[in-house]
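For reference, the structure is listed below as structure tokens.
In the text below, chain A, chain B and the rest are named by the order of the sequence lines, each starting its count at 1. Here the structure is a predicted model, which is why all the values come from computation and not from measurement.
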Amino acid sequence: MKIGYPCVNETLDCSAARTFRLASYSPERLIETVASNLACLRRILEWNVAHGLLFFRMGSDIVPFGSHEVNTFPWQTHFKSEFRALGEFIKQNGMRISFHPDQFVVLNSPDPAIVRRSVNELVYQGSMLDLMELDSTAKLQIHAGGAYGDKGLALARWVETFHQLLPAAVKARLVVENDDRLYSLRECLSLYDETGVPILFDNFHHECLNHGEPMRLALRLAAATWHPQRDGVLMMDYSSQAPNERRGKHTDTLVPALFEQFLDDLAGLDVDMMFEIKDKEASAVAAAQLLRARGLLAPAPAGYVPPTFVPATLDAAGKRVAPNSKTRKPAAAPAAKASPRAVASKQSSPKPPQ
DNA sequence: CGTTGTCAAGCGGCG
DNA sequence: CGCCGCTTGACAACG
């Protein structure tokens, strides 16, 4: 099992998602920004390896306007060696990588222009994996899309688009995730039947939308759609309901009791698990320790010291402050302003209640 | 130098 | 019918 977190590392003081306004586009600006994003990405991956987190979702904005017409700069060749070096690091350390193109990627839209832009975005994100020379176990994760008043028709359009418009390089990497409102595991399975696309399983979405399949069974149905050689082991997103919040909202931090309960349903199935939890790497690290205690995860890397860092701080109003709020000059770092209060709920109840 | 409105792109659902 | 959430962060204009 490999575990990880999506896109953003809140501990490091860099961002791999720097961007700029479309109106400010220039080749120079693009080069400068991509170079900065790739450098940060390298630091994040190194941090992850040092903490035993070998699954990572890269953000969609590594190359700003990566699939926009304005961007005619040949970034693929310009940054070829940088991408390849990242890929080398990833392979040397046995990491698993994914992308999750955002909500604008809708393969089943009735609007051909939307579908065309969606395909272009998938080509852009897939080409980064190609440039890193990663095999087809590195994935592009999307949802089935909209319903448009007729889910049956919408699913048929998805299948049609898959067969007719996706390049082979994208097809080999594409996986579809069950969502929490429209397309359940069952409907994703129908897409698998028609296209062979593996299902990226989201446990929380399945709790929100299902047809009575117990979690343990659902996991196995999804896992069976992953061809071991071509696709690798099942990728999944893990989260749980935020207490006292809108149904479907992710929790702010890992809830150990619920996670342990989930592990019972996992019952030894090998998966790579992405923690879609607001405090990012903090929960992934917490989960890693819990999993190691159960013998489900490889021992921590040599020299690894369990974290004492605070995942985030709260300002006077109780609002979270990310430590990586990017300022152009770290000049005169405001000496850790007044006892940054820890996220209290994070530290309490270290032992998993039964 | 800190604050805040706004940013390429799409959906459905809620108030 | 407008706004929000989605993985929710960063730019850039303004004071």
A:His68 vs A:Phe65 aromatic rings, parallel, tilted or perpendicular, using cut-offs 30° and 60°? perpendicular
Classify the angle between the aromatic ring planes of A:His51 and A:Tyr304 as parallel (below 30°), tilted (30 to 60°) or perpendicular (above 60°). perpendicular
When you look at NZ of A:Lys80, are more than 12 heavy atoms from neighbouring residues, nucleotides or ligands closer to it than 6.0 Å?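 Not more than 12 within 6.0 Å, no.
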Taking atom types as they are modelled, is there a donor-acceptor pair under 3.5 Å from the base of C:dT7 to the side chain of A:Arg57?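 No pair found.
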Would you indicate which nucleotide in [options] comes nearest to any side-chain atom of [X]?
X: A:Ser24; options: B:dA9, C:dT7, C:dA12; value: C:dA12
X: A:Thr19; options: C:dA12, B:dA8, C:dC11; value: C:dC11
X: A:His250; options: C:dC11, C:dT7, B:dA8; value: C:dT7
X: A:Val8; options: C:dT7, C:dG9, C:dC11; value: C:dG9

Go nucleotide by nucleotide along DNA chain C from the 5' end; which of A:Cys7 and A:Ala16 gets its closest nucleotide reached first? A:Cys7
Nearest heavy atom decides the nucleotide; on that basis, is A:Thr33 or A:Pro6 closer to the 5' end of DNA chain C? A:Pro6
[atom1] gap between [N] and [M], integer Å:
N: B:dC11; M: C:dG9; atom1: P; answer: 24 Å
N: C:dT7; M: B:dG13; atom1: P; answer: 15 Å
N: B:dG5; M: C:dC4; atom1: P; answer: 12 Å
N: B:dT6; M: C:dC3; atom1: P; answer: 11 Å

Hey, what are the protein-to-nucleotides 11-15 of chain B N/O distances that come in under 3.5 Å?
unit_1 : atom_1 : unit_2   : atom_2 : d
B:dC11 : OP1    : A:Ser109 : OG     : 2.7
B:dC11 : OP1    : A:Tyr148 : OH     : 2.9
B:dC11 : O5'    : A:Tyr148 : OH     : 2.9
B:dG12 : OP1    : A:Ala147 : N      : 3.0
B:dG12 : OP1    : A:Tyr148 : N      : 2.8
B:dG12 : O4'    : A:Arg181 : NH2    : 3.2

Measure [atom1]/[X] against [atom2]/[N] and give the value in whole Å, please.
X: A:Asp279; N: C:dG9; atom1: CG; atom2: P; value: 12 Å
X: A:Arg21; N: B:dG5; atom1: CZ; atom2: P; value: 14 Å
X: A:Leu22; N: C:dA12; atom1: CG; atom2: P; value: 11 Å
X: A:Asp179; N: B:dG10; atom1: CG; atom2: P; value: 18 Å
X: A:Glu281; N: C:dT7; atom1: CD; atom2: P; value: 18 Å
X: A:Asn71; N: B:dA8; atom1: CG; atom2: C1'; value: 12 Å
X: A:Tyr5; N: C:dG9; atom1: OH; atom2: P; value: 14 Å
X: A:Gln125; N: B:dA9; atom1: CD; atom2: C1'; value: 13 Å

Judged by atom type as modelled, is there a donor-acceptor pair below 3.5 Å linking the side chain of A:Gln92 to the main-chain atoms of A:Phe89? no
Quick check: does any side chain N or O of A:Thr225 sit under 3.5 Å from a backbone N or O of A:Ala222, one acting as donor and the other as acceptor?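 Answer holds: yes.
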With a 4.0 Å cut-off, would you call [X] and [Y] a salt bridge?
X: A:Arg116; Y: A:Glu121; answer: no
X: A:Asp13; Y: A:Arg43; answer: yes
X: A:Asp231; Y: A:Arg173; answer: no

Is there any protein nitrogen or oxygen under 3.5 Å from a nitrogen or oxygen in nucleotides 1-3 of chain C, and what are the pairs?
none

How is the base pairing of DNA chain C summarised as a dot-bracket string, given the Watson-Crick and G-U wobble criteria with both distances under 3.5 Å, [ ] for crossing and | for another strand? ||||||..|||||||
Touch check for A:Arg117, heavy atoms < 4.0 angstrom, all strands: base, sugar-phosphate only, or nothing?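 Answer is sugar-phosphate: A:Arg117 comes under 4.0 Å of backbone atoms only.
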Mind checking if A:Asp102 touches a base, just sugar-phosphate, or nothing, with heavy atoms under 4.0 Å? base
Hphob cluster co-occupancy, A:Ile114 + A:Ile142, side-chain heavy atoms under 4.5 angstrom: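 Cluster IDs for A:Ile114 and A:Ile142 differ.
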Tell me whether A:Leu107 is reachable from A:Val159 by hopping between hydrophobic residues (I, L, V, M, F, W, Y) whose side-chain heavy atoms are closer than 4.5 Å. yes
May I ask you to check if A:Arg186 and A:Tyr192 form a cation-pi contact, with NZ or CZ under 6.0 angstrom from the six-membered ring centre and within 45° of the axis? no
Within less than 4.0 Å of OP1 or OP2 of C:dA12, is there a side-chain N or O belonging to A:Arg18?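 No, outside the criterion.
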B:dA9 base stacked by A:Phe104 (centroids within less than 5.5 Å, tilt under 30°):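 Here the ring of A:Phe104 and the base of B:dA9 are stacked, with centres under 5.5 Å and planes under 30°.
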Could you tell me whether the side chains of A:Ser136 and A:Arg230 share a donor-acceptor contact shorter than 3.5 Å?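 Their side chains do not contain a donor-acceptor pair, so the 3.5 Å distance test is not met.
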Could you go through the ring-ring contact (aromatic ring centres under 6.0 Å, His included) check for A:Tyr238 and A:Phe275 one step at a time? CA-CA 5 Å; A:Tyr238 177 85; A:Phe275 289 86; 5.7 Å; yes
